[in-house]
Amino acid sequence: MKIDSIYMSEALKEAQKAFDDDEVPVGAIIVCERKIIARAHNQIMRLKDPTAHAEMIAITQAAAYLGNERLINCSMYVTIEPCTMCAGALILSRMGRLIFGAPDPKTGACGSVFNIAASKKLNHSIKITKGILPAECGGLLKDFFKGKRSSL
């Protein structure tokens with residue numbers, strides 16, 4: 001869908017901020033009623049916090065914006081498939097929809113390694129759309145880690 005690509009481009013802008021800060025370049029936005037209500041990027045190194053993933057920060061921002069811990073009518077756009085921690089937070093927030101760019105074959109918890117977000121064993125499942133701007137999303141990560149390896 002064209003609108004998904006437009007919103008994913010906004011998540012990519014956040015990922016670029018992380019890249020520029022020498023953080024793993026992951027960006028996320030949350031949309032509610034066609035309005036972006038949260039924008040975040042990884043800040044793990046900056047905050048010295050292993051939970052400071054883009055998704056976690058965006059969820060906190062969206063809940064504060066809405067004044068509600070339930071994000072039922074919201075959609076998260078994130079550049080890479082969420083990990084187990086972030087997928088769990090998406091379930092707990094009752095996120096309506098998850099859209100991600102590139103799969104994460106090592107830690108992805110929305111279809112690659114696990115599929116927490118769509119598990120019927122939990123009290124909530126999330127509609128998942130994957131593969132929106134995958135080359136751009138995956139390319140930013142590849143460039144980041146290529147730079148890390150070349151500086152060793």
Side-chain angles (χ1 to χ4, degrees), residues 1-69 71 73-113 116-117 126-152:
M1 294 171 70
K2 184 165 175 62
I3 193 72
D4 285 345
S5 295
I6 292 168
Y7 285 133
M8 188 61 72
S9 293
E10 293 299 313
L12 274 164
K13 289 177 186 176
E14 290 298 316
Q16 184 64 52
K17 291 177 186 177
F19 187 100
D20 294 344
D21 289 343
D22 203 30
E23 296 269 4
V24 175
V26 178
I29 66 163
I30 296 178
V31 175
C32 186
E33 298 176 1
R34 302 182 66 93
K35 179 180 179 183
I36 297 172
I37 63 168
R39 295 175 173 272
H41 57 278
N42 275 4
Q43 296 183 50
I44 297 161
M45 304 293 282
R46 171 189 271 175
L47 299 176
K48 308 290 186 259
D49 179 355
T51 69
H53 290 201
E55 300 96 322
M56 301 294 283
I57 296 168
I59 288 168
T60 300
Q61 288 176 3
Y65 177 88
L66 294 173
N68 193 329
E69 71 280 9
L71 305 178
N73 296 317
C74 297
S75 298
M76 174 178 279
Y77 291 79
V78 61
T79 55
I80 191 166
E81 179 182 358
C83 70
T84 54
M85 174 183 67
C86 295
L90 289 164
I91 293 292
L92 292 173
S93 74
R94 309 295 195 270
M95 186 69 62
R97 184 169 174 235
L98 167 67
I99 304 91
F100 67 85
D104 185 346
K106 292 185 179 179
T107 64
C110 298
S112 291
V113 178
I116 293 168
I126 302 166
K127 182 180 178 193
I128 300 170
T129 303
K130 55 187 171 180
I132 304 298
L133 303 181
E136 295 88 334
C137 294
L140 195 57
L141 281 162
K142 286 177 186 166
D143 290 348
F144 178 80
F145 287 112
K146 183 190 239 181
K148 289 291 183 194
R149 285 190 296 278
S150 69
S151 67
L152 294 177

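Just so we're clear, the structure is a prediction, and the values are computed from it rather than from any experiment.
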Partners of [X] by side chain to side chain donor-acceptor pair (under 3.5 Å), sequence neighbours excluded?
{"X": "Thr107", "value": "Asp104"}
{"X": "Thr84", "value": "none"}
{"X": "Ser9", "value": "none"}
{"X": "Gln16", "value": "Asp20"}

Original post:
Who pairs with Thr60 by side-chain contact (heavy atoms from CB on, under 4.5 Å), at least two apart in sequence or on another chain?
Top reply: none
Original post:
Which pairs with one or both residues in residues 38-57 pass salt bridge (Lys or Arg N to Asp or Glu O under 4.0 Å), sequence neighbours excluded?
Top reply: Glu10-Arg39, Asp21-Arg46
Original post:
Is there any salt bridge (Lys or Arg N to Asp or Glu O under 4.0 Å) pair reaching into residues 133-146, and which pairs are they, with sequence neighbours excluded?
Top reply: none
**OP:** Compare all side-chain heavy atoms of Pro25 with those of Asn42 and state whether any distance is below 4.5 angstrom.
**Re:** no
Original post:
Given side chains that start at C-beta, do those of Ile44 and Val24 come closer than 4.5 Å, heavy atoms only?
Top reply: no
Original post:
Excluding sequence neighbours, so at least two apart, what forms salt bridge (charged side-chain N to carboxylate O under 4.0 Å, His left out) with Asp22?
Top reply: Lys148
Subject >> Those residues that, when tested against Glu14, pass salt bridge (charged side-chain N to carboxylate O under 4.0 Å, His left out) (two or more places apart) >> reply: Lys17
Original post:
So which pairs with a foot in residues 88-101 pass side chain to side chain donor-acceptor pair (under 3.5 Å), sequence neighbours left out?
Top reply: Asp4-Arg97, Arg97-Thr129
**OP:** Could I get the full list of ring-ring contact (aromatic ring centres under 6.0 Å, His included) partners for Tyr77, not counting sequence neighbours?
**Re:** Tyr7
Original post:
Can you tell me if Ser112 uses its side chain to pair, donor with acceptor, with the backbone of Pro103 under 3.5 Å?
Top reply: no
**OP:** List the steps and the verdict of side chain to side chain contact (heavy atoms under 4.5 Å, CB included) for Ile59 and Met76.
**Re:** CA-CA 9 Å; Ile59 288 168; Met76 174 178 279; 3.8 Å; yes
Original post:
Pairs in or reaching into residues 26-68: which pass ring pair (Phe, Tyr, Trp, His ring centres under 6.0 Å), with residues at least two apart or in two chains?
Top reply: none
